[in-house]
J.: 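After the structure tokens below, expect a handful of questions from me.
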Amino acid sequence: FSEACGAEIPRWIGQRMRAYGDDAQAVREFASDLVAQLCRRLIDGGAPGLHFYTLNLAKPTLNVLAKLA
């Protein structure tokens, strides 16, 4: 998805994701932890709210929200 929109993934994130190989569940857990950490930084920094584009995949977003609760 990032390639399609021209976004670059930080190298350390790509390396971590590749390290999980074919373990899709581990990649999902890493991703939700990372996104939750980034969201927490935004909220703690004064962001008035968050907006998620779920691409019709609500479960990953719900996982992030659960980590923020």
Side-chain angles (χ1 to χ4, degrees):
F1 182 82
S2 61
E3 289 177 17
C5 65
E8 291 185 30
I9 295 175
R11 188 177 323 226
W12 71 270
I13 294 174
Q15 289 173 339
R16 286 279 301 273
M17 291 180 75
R18 283 189 296 279
Y20 292 115
D22 292 334
D23 188 347
Q25 181 57 38
V27 170
R28 283 191 290 272
E29 188 65 26
F30 166 69
S32 69
D33 287 343
L34 177 60
V35 171
Q37 289 172 14
L38 294 171
C39 289
R40 176 60 53 207
R41 286 179 62 190
L42 288 168
I43 292 166
D44 291 347
L50 302 169
H51 182 93
F52 295 92
Y53 290 91
T54 65
L55 303 174
N56 294 324
L57 298 170
K59 189 172 181 180
T61 304
L62 293 172
N63 289 339
V64 169
L65 293 174
K67 292 174 188 289
L68 292 173

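Source: prediction; values computed, not measured.
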J.: What side-chain donor-acceptor pairs closer than 3.5 Å can you find for residues 37-62, not counting sequence neighbours?
T.:
from	atom 1	to	atom 2	distance (Å)
R40	NH2	L68	O	2.8
T54	OG1	N56	N	3.4

J.: Transitively linked via ILVMFWY side-chain contacts under 4.5 Å: V35 with I13?
T.: no
J.: Can you tell me how far the CG atom of D23 sits from the CZ atom of R28, to the nearest 0.5 Å?
T.: 8.5 Å
J.: Please say whether more than 12 non-hydrogen atoms of neighbouring residues, nucleotides or ligands are located less than 6.0 Å from CD in Q15.
T.: yes
J.: Any chain of hydrophobic side-chain contacts (each under 4.5 Å) joining L65 to L34?
T.: no
J.: What class does the angle between the rings of W12 and F30 fall in, given that below 30° is parallel, 30 to 60° is tilted and above 60° is perpendicular?
T.: perpendicular
